Amino acid sequence: ENKSPYVTRVFEYKPAPGQFVNKLPKYETGDTPEKMAKKVLDAIGGDNKGTITLGGFGGYVVVGFDHTIENKPDKRDFQVLGNAFAGNSEPGIVMVSVDKNKNGKPDDEWYELAGSEHGNKSTKFNYTITYFKPDENKKPVPHDKYKEVTDVTYIKWNASDNTTGFMYKNQFHTQSYWPQWISGNELSFTGTKLPDNCTDESGTGEKFVLNSFDWGYADNAANNDKASEFDIDWAVDKNGKSVKLSGIDFVKIYTALNQQCGAIGEASTEVLGVIDLHLITK
């Protein structure tokens, strides 16, 4: 049988709020979570190289394949395609799962691939964020420094480390940043939060630089860079202990930053595909 090196299934698409949400992919009135998952598959399935956004911290996608991706010793096993380039890295955490119960669904234990910042003392584990649905008609509060930011009190959030803040709205993206197909007035996500990577090099907000980490994250390095490739041997369990997996069946990617970068908005991981490196000739 011919196995595809690419994503063949999208099980769930649940972005956090963000400036590209409802655009990548495009939400249309009446779309259900299932319909949005299908749009995500149309974008990043196969060799389509479309783009989806995961929004702010915690927003995620869960994908599958038509086979088990083998863990080959001393080799990178799969690649996550993003749209990162030098100075524009929006790192996401990659998790993997094995279909232990053989039901074809991603309902078994998840393992995080521990990247270069896993031991960084600024990395926060089990960080939970809750976003509150905005009133789209409230009076916007412009930013006193960045004219491109049209509302600094747009989407309120609280986090488990007792911090609170807002996701800004900017002039470049005027649609609702709240995923319109998800019901309820709150959205919560839990995961590993990486240290902020964004610096205002100009001091005036004209030039924000989002530095890349060394390895182990989605949308962190260019697609022609080995740093966009992943080794299943990096897997750790929820206690941070290394796990030996002979192969994986499911991949989950989520945005691992909670930061605003002035005029360019929140950091949000983008995904353009996942590739089994053992089935493709580079």
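Not measured: the values here are computed from a predicted model.
Residues forming a side chain to side chain contact (heavy atoms under 4.5 Å, CB included) with Thr130 (at least two apart in sequence, or on another chain): Phe132, Glu186, Ser188. For Ser228, the side-chain hydrogen bond (donor to acceptor under 3.5 Å, both in side chains) criterion is met by Gln79, not counting sequence neighbours.
Residues Thr150 and Pro142 fail the side-chain proximity criterion, which asks for heavy atoms closer than 4.5 Å. Side-chain contact between Trp157 and Phe57 is absent, with no heavy atoms from C-beta onward closer than 4.5 Å. Two residues are said to be in side-chain contact when any heavy atoms from C-beta on lie closer than 4.5 Å; Pro106 and Ser97 fail this criterion. Residues Asn101 and Asp108 are in side-chain contact: their nearest non-hydrogen atoms beyond the backbone lie under 4.5 Å apart. The shortest distance between side-chain heavy atoms of Ile275 and Tyr6 falls below 4.5 Å. By the 4.5 Å heavy-atom criterion applied to side chains, Glu112 and Ile93 are counted as neighbours. At a threshold of 4.5 Å between non-hydrogen side-chain atoms, the residues Leu194 and Lys124 do not count as touching.
Residue pairs satisfying the salt bridge (Lys or Arg N to Asp or Glu O under 4.0 Å) criterion with at least one member in residues 86-106, sequence neighbours excluded, are absent. Applying the ring-ring contact (aromatic ring centres under 6.0 Å, His included) test to residues at least two apart or on different chains, the pairs with a partner in residues 77-99 are Phe78-Phe230. Residues in residues 20-35 take part in these side-chain hydrogen bond (donor to acceptor under 3.5 Å, both in side chains) pairs, two or more places apart or across chains: Glu28-Lys39, Asp31-Lys39, Thr32-Glu34.
Under 3.5 Å, the side chains of Asn2 and Ser4 contain no donor-acceptor pair of N or O atoms. Of the N and O atoms on the side chains of Thr123 and Glu117, not one donor lies less than 3.5 Å from an acceptor on the other residue. Side chain to side chain, Lys156 and Thr164 meet the donor-acceptor criterion of an N or O pair below 3.5 Å. Side-chain N/O atoms of Asp249 and Thr68 include a donor and acceptor closer than 3.5 Å.
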Val10 and Val61: CA distance, side-chain angles, deciding distance, side chain to side chain contact (heavy atoms under 4.5 Å, CB included) verdict: CA-CA 8 Å; Val10 171; Val61 66; 4.1 Å; yes

Side chain to side chain donor-acceptor pair (under 3.5 Å) evaluation trace for Glu136 with Ser176: CA-CA 7 Å; Glu136 303 285 354; Ser176 172; 2.6 Å; yes

Side chain to side chain contact (heavy atoms under 4.5 Å, CB included) between Tyr111 and Glu109, intermediate numbers included: CA-CA 7 Å; Tyr111 304 102; Glu109 189 175 350; 3.4 Å; yes

Residues Phe125, His118; criterion ring-ring contact (aromatic ring centres under 6.0 Å, His included); working and verdict: CA-CA 9 Å; Phe125 298 100; His118 198 70; 5.0 Å; yes

Worked verdict on Val149 versus Lys169 for side chain to side chain contact (heavy atoms under 4.5 Å, CB included): CA-CA 6 Å; Val149 175; Lys169 191 160 201 176; over 6 Å; no

Working for side chain to side chain contact (heavy atoms under 4.5 Å, CB included), residues Val141 and Tyr154: CA-CA 8 Å; Val141 179; Tyr154 178 41; over 6 Å; no

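Atom CD1 of Ile44 and atom OG1 of Thr51 lie 9.5 Å apart (nearest 0.5 Å). Between the OG1 atom of Thr269 and the CG atom of Asn220 there is a distance of 9.0 Å, given to the nearest 0.5 Å. One finds the OG1 atom of Thr192 at 12.0 Å from the CG atom of Asn120 (value rounded to the nearest 0.5 Å). With values rounded to the nearest 0.5 angstrom, Thr153 atom OG1 is found 10.0 Å from Tyr168 atom OH. Summarising the geometry, atom SG belonging to Cys261 is positioned 11.5 Å from atom CG belonging to Asn170; distances are rounded to the nearest 0.5 Å. To the nearest 0.5 Å, atoms OH (Tyr131) and CH2 (Trp178) are separated by 9.5 Å.
In the hydrophobic clustering of this structure, Met95 groups with Ile129; members are Ile, Leu, Val, Met, Phe, Trp, Tyr whose side-chain heavy atoms approach within less than 4.5 Å, directly or through other members. Under the 4.5 Å side-chain heavy-atom criterion for grouping Ile, Leu, Val, Met, Phe, Trp and Tyr, Leu81 is not connected to Tyr13 through any hydrophobic cluster. Linking ILVMFWY residues whenever their side-chain heavy atoms come closer than 4.5 Å, directly or via other members, leaves Leu210 and Val271 in distinct clusters. In the hydrophobic clustering of this structure, Ile182 groups with Met36; members are Ile, Leu, Val, Met, Phe, Trp, Tyr whose side-chain heavy atoms approach within less than 4.5 Å, directly or through other members. Note on Val80: it does not cluster hydrophobically with Leu279, by side-chain heavy-atom contacts below 4.5 Å among ILVMFWY residues.
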Can you give me every donor-acceptor pair (side chain of residues 233-245, partner residue at least two apart or in another chain, under 3.5 Å) with its distance?
| from | atom 1 | to | atom 2 | distance (Å) |
| --- | --- | --- | --- | --- |
| Asp233 | OD1 | Asn71 | ND2 | 2.9 |
| Asp237 | OD1 | Asn239 | N | 2.9 |
| Asp237 | OD1 | Gly240 | N | 3.1 |
| Asp237 | OD1 | Lys241 | N | 2.9 |

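By the 4.0 Å N-to-carboxylate-O rule, Lys72 lies too far from Asp77 to be salt-bridged with it. A salt bridge links Asp47 and Lys49; the closest N-O separation between the charged side-chain nitrogens and carboxylate oxygens is under 4.0 Å.
Although no hydrogens or angles enter the test, the distance criterion places a donor-acceptor pair under 3.5 Å between the side chain of Thr255 and the main chain of Gly55. A donor-acceptor pair under 3.5 Å is formed between the side chain of Ser116 and the backbone N or O of Trp215. Looking at Arg76, its side chain does come within 3.5 Å of a backbone N or O of Lys226 through a donor-acceptor pair. Checked by atom type and distance alone, the side chain of His278 pairs as donor or acceptor with a backbone atom of Glu70 at under 3.5 Å. Side-chain N or O atoms of Gln175 include one that pairs as donor or acceptor with a backbone N or O of Gln19 at under 3.5 Å. For Asn197 (side chain) and Asn211 (main-chain N/O), a donor-acceptor pair under 3.5 Å exists by modelled atom type.
At most 12 heavy atoms of other shown residues, nucleotides or ligands fall within 6.0 angstrom of atom NZ in Lys147. No more than 12 heavy atoms of other residues, nucleotides or ligands sit less than 6.0 Å from atom CG of Asn126. Sparse packing is recorded around NZ of Lys75, with 12 or fewer heavy atoms of other residues, nucleotides or ligands lying under 6.0 Å away. Residue-environment remark: NZ (Lys138) exceeds the threshold of 12 foreign heavy atoms within 6.0 Å. Within 6.0 Å of NZ in Lys133 there are more than 12 heavy atoms belonging to other residues, nucleotides or ligands.
Considering all non-hydrogen atoms of both residues, Phe213 and Pro195 come closest at CZ-O, 3.4 Å. Pairing each heavy atom of Ala267 with each of Leu257, the nearest pair is CB-CD1, 3.8 Å.
Using the six-membered ring where Trp is involved, His173 and Tyr177 have ring planes that are perpendicular, over 60° apart on the 30 and 60° scheme. Under the 30°/60° scheme for interplanar angles, the aromatic rings of Phe208 and Tyr146 are found to stand perpendicular.
A centroid separation of 6.0 Å or more is found between the aromatic rings of Phe65 and Phe250.
Lys14 forms no cation-pi arrangement with Tyr60, by the criterion of a distance under 6.0 Å to the ring centre and an angle within 45° of the ring axis.
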